[in-house]
Amino acid sequence: MFLAIALAAAAPAGAQDFQSTQALDAIVAQFAGKPMGEQGGAIAPIDRRLKLAACIAPQLEWRGENHDAVVVRCMAPAWKIFVPVVAVPRPRAAPPAPMPATTLVRPAVPVKAEPVIKRGDAVTVEAGAEGFSISRQGIAMNDAPPGGRIGIKVDDRQPPVQAIAIEPGRARLPGFAEGS
């Protein structure tokens, strides 16, 4: 209500085509609670060259949580301007208090899975897809848990093949689905 009275008082008698920037300066100072140039008030007057359509009831709000500008908006006719204000220093938030020692979360220690195939075990290596499957016997070159990689010697003249341990005595070649 007071804002409308302030605007009416600042406007000259008769119809006005453009919004008075001096009246807008006054309502921004009232909204901010500080005069222009002071901390928390507008930095400078609104540019007098602005030709904003006259507004009966401008609405004001802060821009963002920092309150670094006042947003002045008119719904009809629609326009909006931002009036920068002299920033008020805000206290920094205190760092979170350290957790008591009794509630500290300790990182999970990975549990090493027991090997299902051990070095020297006889292993059947399988590979297959829909419609075919092959298998070959070999000797495990290292220990491996389920799903772990294992080297299997299938031919004395060739290097070991790499397979994935499935269960005791059984492994499959990578890239072939289990149960094929």
Side-chain angles (χ1 to χ4, degrees), residues 28 31-34 39-44 46-47 50 52 55 57-180:
V28 166
F31 177 80
K34 297 288 183 176
Q39 200 167 39
I43 291 176
I46 297 171
D47 191 342
L50 279 177
L52 301 169
C55 184
Q59 298 172 349
L60 288 89
E61 63 184 347
W62 289 108
R63 180 180 78 171
E65 292 179 21
N66 292 337
H67 293 195
D68 61 349
V70 174
V71 180
V72 182
R73 175 188 332 256
C74 185
M75 294 304 191
W79 54 260
K80 173 172 57 171
I81 61 171
F82 297 87
V83 180
V85 297
V86 179
V88 175
R90 301 217 180 257
R92 291 185 177 219
M99 295 173 57
T102 57
T103 60
L104 287 177
V105 177
R106 302 206 188 280
V109 177
V111 178
K112 189 173 182 180
E114 290 295 316
V116 292
I117 299 175
K118 294 190 177 186
R119 181 182 175 135
D121 286 354
V123 179
T124 301
V125 181
E126 304 168 347
E130 191 173 328
F132 85 96
S133 69
I134 59 170
S135 63
R136 179 96 190 247
Q137 293 295 319
I139 303 293
M141 302 304 293
N142 58 289
D143 295 352
R149 293 280 180 154
I150 186 168
I152 300 174
K153 187 78 164 167
V154 293
D155 186 347
D156 287 335
R157 295 170 283 164
Q158 299 292 323
V161 295
Q162 291 294 311
I164 299 171
I166 298 172
E167 58 188 27
R170 188 168 159 233
R172 71 179 146 72
L173 291 179
F176 293 93
E178 183 177 355
S180 297

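Just so you know, these numbers come straight off a predicted model, no measurement behind them. Along the sequence shown, residues carry numbers from 1.
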From [X] [atom1] over to [Y] [atom2], what is the distance, rounded to the nearest 0.5 angstrom?
X    : Y    : atom1 : atom2 : answer
I134 : E126 : CD1   : CD    : 10.0 Å
I150 : D121 : CD1   : CG    : 7.5 Å
T124 : R136 : OG1   : CZ    : 11.5 Å
I81  : I46  : CD1   : CD1   : 4.0 Å
L173 : Q162 : CG    : CD    : 10.0 Å
S135 : R170 : OG    : CZ    : 10.5 Å

Between [X] and [Y], which heavy-atom pair has the shortest distance, and what is it?
X    : Y    : result
V123 : A140 : CG2-CB, 4.0 Å
P115 : D143 : CB-CB, 4.0 Å
I43  : V85  : CG1-C, 3.5 Å
M75  : Q59  : CE-OE1, 3.3 Å
A171 : I117 : CB-CD1, 4.4 Å
A144 : A165 : CB-CB, 3.8 Å

Among V72, V70, V71, exactly one meets side-chain contact (heavy atoms from CB on, under 4.5 Å) together with E61. Which residue is that?
V71

Judged by atom type as modelled, is there a donor-acceptor pair below 3.5 Å linking the side chain of D68 to the main-chain atoms of A87?
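No: the side chain of D68 does not pair with the backbone of A87.
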
Can you check whether F82's main-chain N or O pairs, donor with acceptor, with R63's side chain at less than 3.5 Å?
no

With a 6.0 Å cut-off (strictly less than), is the heavy-atom count around CD of E114, excluding the residue itself, greater than 12?
no

State whether the number of non-hydrogen atoms from other residues, nucleotides or ligands found under 6.0 Å of K153 atom NZ is greater than 12.
yes

Describe, in one word, how the ring planes of H67 and W62 are oriented to each other, choosing from parallel (under 30°), tilted (30 to 60°) and perpendicular (over 60°).
parallel

